[in-house]
Amino acid sequence: MTAKLSSTLTPFARRVLSVVSRIPAGRVATYGDIARRAGRPGAARAVGNIMRTARRPGLPYHRVIASGGQIGGYGGNVQLKISLLIAEGHVIRRRRIAGFLNKRW
DNA sequence: CCCATGACCGTAT
DNA sequence: AATACGGCCATGG
């Protein structure tokens with residue numbers, strides 16, 4: 001018998017996480033980008049909330065950054081986020097991803 | 001249903 | 001470049 005394994009996530013949250021899971025390594029997407037791809041352009045702030053809340057192992061949360069190539073948050077550990085981004089080949093300058101426009105998903 | 005939150009965003013100082 | 005504001009929006013209490 002199939003038990004109820006569906007997460008408690010709302011439909012929107014599921015779409016958001018689904019989109020995030022598809023961001024290729026070496027590329028980045030802004031909260032606004034995610035919102036747009038999830039079908040809710042303008043819900044960038046809400047996306048941030050979902051990132052903060054939904055802890056789903058394996059998803060590349062670090063590839064979701066703020067507008068203009070700024071770093072954004074990472075559950076209180078922005079340093080780790082920066083490290084992960086650098087590990088994927090990015091260069092951070094003055095709190096921003098260098099050449100952001102070309103690495104944007 | 002109303003209200004407070006906040007890993008946001010664009011514009012103006 | 002840094003800070004301040006107002007606007008936006010999906011959640012959860």
Side-chain angles (χ1 to χ4, degrees):
Chain A
M1 37 104 31
T2 39
K4 178 186 164 204
L5 297 175
S6 61
S7 60
T8 62
L9 295 172
T10 68
F12 176 61
R14 280 192 300 246
R15 290 198 303 280
V16 166
L17 296 181
S18 174
V19 171
V20 171
S21 74
R22 289 174 213 137
I23 307 175
R27 309 290 303 285
V28 292
T30 69
Y31 297 94
D33 290 339
I34 303 300
R36 182 167 48 73
R37 288 190 183 238
R40 284 279 189 301
R45 195 161 191 176
V47 167
N49 286 329
I50 293 173
M51 300 285 99
R52 178 169 59 75
T53 305
R55 275 121 186 190
R56 186 178 262 196
L59 296 197
Y61 293 114
H62 62 285
R63 311 217 261 248
V64 183
I65 65 179
S67 68
Q70 292 178 73
I71 307 304
Y74 199 69
N77 195 345
V78 183
Q79 262 315 310
L80 174 57
K81 185 172 186 176
I82 293 177
S83 300
L84 292 170
L85 287 170
I86 291 178
E88 294 190 340
H90 297 287
V91 175
I92 283 66
R93 291 181 118 164
R94 294 187 181 73
R95 275 317 206 184
R96 300 213 303 99
I97 299 281
F100 157 65
L101 296 175
N102 300 307
K103 305 198 167 171
R104 194 178 198 172
W105 181 32

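Quick note on labels: first sequence line is chain A, next is B, and so on, each numbered from 1. Since we're looking at a predicted model, the values are computed, not measured.
For A:Ala35, the side-chain contact (heavy atoms from CB on, under 4.5 Å) partners are A:Ala43, A:Val47, not counting sequence neighbours. Remark: A:Arg52 engages A:Asn49 in a side-chain hydrogen bond (donor to acceptor under 3.5 Å, both in side chains) (not counting sequence neighbours). Shown here are the side-chain hydrogen bond (donor to acceptor under 3.5 Å, both in side chains) partners of A:Arg22, two or more places apart in sequence or in another chain: A:Ser18.
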Pairs of donor and acceptor atoms involving the side chains of residues 96-105 of chain A, under 3.5 Å and at least two apart or interchain, shall be tabulated with distances.
unit_1, atom_1, unit_2, atom_2, d
A:Arg96, NH1, A:Gly68, O, 2.4
A:Arg104, NE, A:Asp33, OD2, 2.9
A:Arg104, NH2, A:Asp33, OD1, 3.0

Please output the side-chain donor-acceptor pairs of residues 79-95 of chain A that fall under 3.5 Å, not counting sequence neighbours, one pair per line with the distance.
unit_1, atom_1, unit_2, atom_2, d
A:Lys81, NZ, A:Tyr31, OH, 3.4
A:Lys81, NZ, A:Val64, O, 2.7
A:Lys81, NZ, A:Ile71, O, 2.8
A:Lys81, NZ, A:Gly73, O, 2.8
A:Ser83, OG, A:Gln79, O, 3.0
A:Glu88, OE1, A:His62, NE2, 3.4
A:Glu88, OE1, A:Arg63, NH1, 3.2
A:Glu88, OE2, A:His62, NE2, 3.0
A:Glu88, OE2, A:Arg63, NH1, 2.4
A:His90, NE2, A:Gly26, O, 3.4

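The two atoms that bring A:Ile23 and A:Pro60 nearest to each other are O-CG, 4.4 Å, heavy atoms only. Across A:Arg14 and A:Leu9, no two heavy atoms sit closer than the pair NH1-O, 3.3 Å. The two residues A:Ala38 and A:Val16 have their closest heavy-atom pair at CB-CG2, 3.9 Å.
Applying a 4.0 Å cut-off to non-hydrogen atoms, none of the residues of residues 62-91 of chain A approaches DNA chain C. Within residues 29-54 of chain A, the residues that place at least one heavy atom under 4.0 Å from DNA chain C are, in residue-number order, A:Arg40, A:Gly42, A:Ala43, A:Arg45, A:Ala46, A:Asn49, A:Ile50.
Under a hydrophobic clustering in which Ile, Leu, Val, Met, Phe, Trp and Tyr are joined whenever their side-chain heavy atoms come within less than 4.5 Å, directly or via other members, A:Val19 and A:Ile65 fall into different clusters. Linking ILVMFWY side-chain heavy atoms closer than 4.5 Å, directly or via other members, places A:Tyr61 and A:Val28 in two distinct hydrophobic clusters.
For DNA chain B, the outermost nucleotides in 5' to 3' order that have an atom under 4.0 Å from a heavy atom of chain A are B:dG6 to B:dG10. Think of the region where chain A sits on DNA chain C: with heavy atoms and a 4.0 Å cut, that region ends 5' and 3' at C:dA1 to C:dT11.
A:Val20 has its side chain out of reach of A:Arg56: every pair of non-hydrogen atoms, C-beta onward, lies at least 4.5 Å apart.
Residues in residues 66-77 of chain A take part in no salt bridge (charged side-chain N to carboxylate O under 4.0 Å, His left out) pair, two or more places apart or across chains.
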